[in-house]
Every structure is written in C-alpha cells, then in structure tokens.
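Here is the structure we will look at, set down as structure tokens.
Letters A, B, ... mirror the listed sequences (proteins, then strands); counts begin at 1.
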Amino acid sequence: MRVRLAPSPTGFLHIGNAFLALIDAAFARRHGGRFLIRIEDTDQERFIPEAEAAIYDGLRWLGLEWDEGPDAGGPAGPYRQSERLPRYQAAAAELVGMGRAYHCWCSPERLDEMRRQQQGRKQPPKYDRLCLGKTEAERKALGGYSERPVVRLLMPTEGQATFQDAIRGPITFEYALLQDPVILRSNGFAVYHLAAMVDDREMGISHVLRGEEWISSTPIHMQIYDAFGWELPVIAHTPLLLNTDRGKISKRKHPWAKMSWFREEGFLPAALLNYLGGLVVHVPDPENVDPSVDRELFGFDEIVEHIDLQRIGPSGKIFDLDKLTSLNGQYIRRLSLGELQDAVHPFLEAAGLHVGGDPKLPRALALEHERLRRLSEAPYVLSFFFRDEDYDASLLIPKGLDRNRALELLRAARREIDSVASGPEGWTATALEASFRALAERLGLKTGRERGQLIGAGVVRVAVTGRTAGPPLFETMEVLGDETVIRRMDEALNRLLSLAA
RNA sequence: GCCGCCAUCGUCUAGAGGCCCAGGACAUCACCCUUUCAAGGUGAAGAUCGCGGGUUCGAAUCCCGCUGGCGGUACCA
C-alpha cells in the first residue's frame, strides 16, 4: 500500500494540506504502507521557490514523517513533476496514438467566445470539438487558430461513470455532461489530470486520498486509467476544512489558512495534531464505562490505531479555534517546567524579553503555567516580572472605593511590606500572607469583597504588577523580591497622590 | 444555470433499524474552591436528529422528493 500527498508549491503549507498529510501518514502507518510526497509544480506561473521548503517545515513541525519525496529520495523518483515532463509528453502522445486524445489548435479567444455563446443560450460550457479529426492544415483554414496546439482527452459522449469512493460510497457521473479536458498545455507542460495519473501509476500509488474538490474530475482520471488499461486505485475524497462562515479557509481572509500561523500563535504541534485527528478518528476511552464517551487527548499512535476511511465523516468540518485553544491549554499544562521554558523562549525573545538566564524566569513561569492557553501569551503574562510597566493610574482605585480610601489602604500595605522585608521570617509568600491577613483584620476588612479591594484585584496587586489579574499575589511578590515591590509601591503612592481627589 | 457532494445541540462529533423523548467535548451560564485571574469540581441550559413523504411492528439510522450549505464547471491544483 502506498499513499501520497501532492501539494503544489504556491507559497505556503495550507492547513488543509496538513490535515490531508495527517490522514495519509496515519493511514499508511496503519497498514504498514509507505507515505510519499510529490511536488506538483507543473503550473510554472504559480510556482514559488521557497514554498517547497515551507511544506517540509510545516509537516515536520507537526511531527509527520514521510518515506519518499524530493528531499527524502526513494525508488520512484524524481518526486517533482517539473523533473518528469518527458513522461507526460510521451503519455499524451500515446493517448493521441490510441485515438483517446487529440490535438486542439483553438485559440483562447475562440474558446472564450464559444463559452460566452453557450452561456447566452443557457447551455453548459463544453468544448465543441471543432479540432477533433482534423489535420493541422484543415483546422488552420477555419480561423480562431493558434500555432501551438494543446492535447485534449476524448471523453465518451454517452453512458455513465461510477466509482466507489472509500469514504462516500458509489458516485456516478453522466458522460454526456462532461467535456474533453486539456491534458497537455501548448507549452508542453502537462495539466494535473495527466501528470498526477501518470505519476500515481508509476509511483505505485494504491490509495488516492485527496480533498473533496476533486470529486468532479474523477471521471477524467478514470478515462485516462481506462485508456492505458490500468487498474484504478482505491479513491477516497476527504472532507474539507471550513471556516466559521462555512466557506473555504482562504489565505486572504483567514490567517490560519497557513500552517505556520499556528506555530507563530503559540500552538503546540501535539495539540494541533490532536485537534485535526479528532475530526477523522474516534479514540475510545477504555476507562470509561459509557462507550459513547471518547478520549479527548490522544496522539499520532492512537490516530494510527483507529483510522478507518469508512468511518471518516464525509461532511465539511468547520475549524473551531476555541476548541483548539482549549486543547492547547491542556497540552501546555502537561509540559514540564523545563519544556515550557524552552517552548516559550522564542516568544519572549521576539517580544524583547531577553530573560532566558534570569533566575526569576522559572519561578514566574511556574506561577503562570496553568494560566497559559497559547505560548504567545507568555510575554504579556510574564513581562511585569522583569520590568516596570506603565498602567492607568485610575486602576489603583478599585471599584467601590474613592481615592482617599485607596491611598489609605496602600499606605497601610506599604508599612506592612517594610515590616515583612525586615522581619524574622524573611521575604516569603507565607510571611507576606500572614502579615496581610493580620492587616486586613486591623483595617476591618471583613468580607471577601473588601479584602479583594486590598489585594485580590485591588490596590496592592495593581501597584505591584500594574494588572488587575494575575497569579497569586504573595507568591508573585516573593518572586519579584522586596526591592522591586517597595519601589513599585512607592511609585504607585506618588501616582495616586497626583491624581485629582 | 448545469453536475456532484453533504446535512444530529452555536461548533466538532457518538450513533451502522429497537440499548436514544439522542451521549461526549468546546463555547455559554450558575454554584463550589479561591482575598484577583486561571486551573479544578459540580450542575444547568442547549438537537421535535434540515423539511416532507414512504419502507418497517419499530427509523437519527434504509428509500424518494424538497430545501439549504459546499464543491466543480480553466491551457489552476
């Protein structure tokens, strides 16, 4: 069994291709087969050189491996279509020789005109076969002629084509509705239909897994196989990945069309793989008595174990970023502190937080660990540990308090800080907590809400961190150190003082 | 327009004729925990299985029609 991913290098790895790659890789592994990559670069106008590397990078980041490809080599190479051109030309010539294809000299202008007229008559656009059975000289006399011909596949005009889709069951087409497609361009480059069939055959592809958008061109492919007398591979059309508006995920409107976006936004490859896998596979949870309750967290091995084309739901899948984000949070929480630190490092660097060697980093990270849902949030939730940040001074006055009361609380807290800093227990979260409990007592802060105004989301938190939310305050202060805390509290007192009363 | 594919809570899905007046996850809401935010726990709300006809003792599951969504209709892939 051999399966292939056939991306065209048009700029970046589309998330849909990554999805397909996962299905390919898992399916091949499931059946002990081989997974190969073939680069479909026959459309020179859309070719972008860096794109090929982006495809490999993306797949590798996701954790997928392939057995053969342009980079990996293999017995069925070359694996770039641009390096296989003569084969396609030979195949086209052979088809012409068999009478299953013919040269067509119609100019693009004539074809446009023909289609316009057909649409005017409300007929489906279909090539009128003006060139069929004519020599070049005969055709030239008719006008609408261009020097270099294309090759068109001669399709049957009646009857039906039926194939078994491994995901969807039987699918039938009416030949009378189909036109003769171009299979070799006038510049000598093969069109997908020819190139892919020749390659699939020569590379021994046994299972063609491709996106749903290919369903309607399957009869063309069947004709090519039929003309050569080849046996059709197993064909399966996978569901499309859709956007929230139910449309295709497009690069222009949706940045997550690019696989690289997920890395940049701080998603872990394991989380993305898990999410994508969940769209096509159900992993039963042996520990749960209710068989309808699946496991939510699983990896490539479980996907391999449970992948089954017949059980892939054929309907389009709307990409749920919220669910991915939630999954990502779970994967982040399962990371060790060391792993998290490594994962977060590039994001900190990119944000200008060069704190890799700072001993405070692991301690701060430990406090933020369970709060992270994306690695890209790290700079924001960590920055105040390392630098004083600007904040809106009005935040120093919590809801329900006036400036004077806030000032009063902050001054009292400031004295408390001093006594802990010079106290016998030293600067620890436990000492700070005990001290502030006693303070709340003395200030007569009885309800949770009142105490919250002091430290929860209150004056002290804002003074020390510049934020109204964050990790437990006393542990945060311990990591920050007494000097920083005192400096920031004094600063906050000044800002409060300069606020109009 | 024509052809094709698809159709279960907002989203992803479980479901392969009786186990389903439909189960789980995300999101939402409430409560618990918590001197903030999370995380965790408990619970609620949310689907007359797109609509209408069949088949059957029995249909989310099979068949037909309709509607809607998507895809294709290129010298793109």
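By the side-chain contact (heavy atoms from CB on, under 4.5 Å) test, A:Ala91 is found to be paired with A:Leu194, A:Val198, A:Phe228, residues two or more places apart in sequence or in another chain being considered. Not a single side chain to side chain donor-acceptor pair (under 3.5 Å) links A:Glu441 to another residue, sequence neighbours left out. The side-chain contact (heavy atoms from CB on, under 4.5 Å) test applied to A:Glu339 returns A:Leu335, A:Ser336, not counting sequence neighbours. With sequence neighbours excluded, the residues that form a side-chain contact (heavy atoms from CB on, under 4.5 Å) with A:Ala492 are A:Tyr391, A:Leu396, A:Leu410, A:Ala463. Residues that satisfy the side-chain contact (heavy atoms from CB on, under 4.5 Å) test with A:Ala457, not counting sequence neighbours, are absent from this structure.
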Would you check, one step at a time, whether the test side chain to side chain donor-acceptor pair (under 3.5 Å) holds for A:Glu416 with A:Ser435?
CA-CA 7 Å; A:Glu416 211 60 36; A:Ser435 165; 2.7 Å; yes
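The residue A:Gln119 sits apart from the nucleic acid: no heavy atom pair falls under 4.0 Å. The residue A:Ala469 sits close to a base: some heavy atom pair falls under 4.0 Å. No contact: A:Lys126 has no heavy atom under 4.0 Å from any strand.
Atom pair A:Glu475:CD and B:U36:P shows a separation of 13 Å (rounding to whole Å applied). What separates CG of A:Leu321 from P of B:U11 is a distance of 15 Å, to the nearest Å. With rounding to whole Å, A:Arg295 atom CZ is found 23 Å from B:C12 atom P.
Pairs engaging residues 457-475 of chain A under the salt bridge (Lys or Arg N to Asp or Glu O under 4.0 Å) rule: A:Glu389-A:Arg467 [sequence neighbours left out]. The salt bridge (Lys or Arg N to Asp or Glu O under 4.0 Å) analysis of residues 309-321 of chain A, with sequence neighbours excluded, yields no pairs.
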I'd like a list of close polar pairs between nucleotides 1-9 of chain B and the protein, N/O only, cut-off under 3.5 Å.
unit_1 : atom_1 : unit_2   : atom_2 : d
B:C5   : O2'    : A:Arg168 : NH1    : 2.4

Every protein N/O within reach of nucleotides 39-46 of chain B N/O, cut-off under 3.5 Å:
unit_1 : atom_1 : unit_2   : atom_2 : d
B:A39  : O3'    : A:Arg333 : NH1    : 3.2
B:G40  : OP1    : A:Arg333 : NH1    : 3.3

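B:G65 sits 32 Å from B:G23 when the P atoms are compared, rounded to a whole Å.
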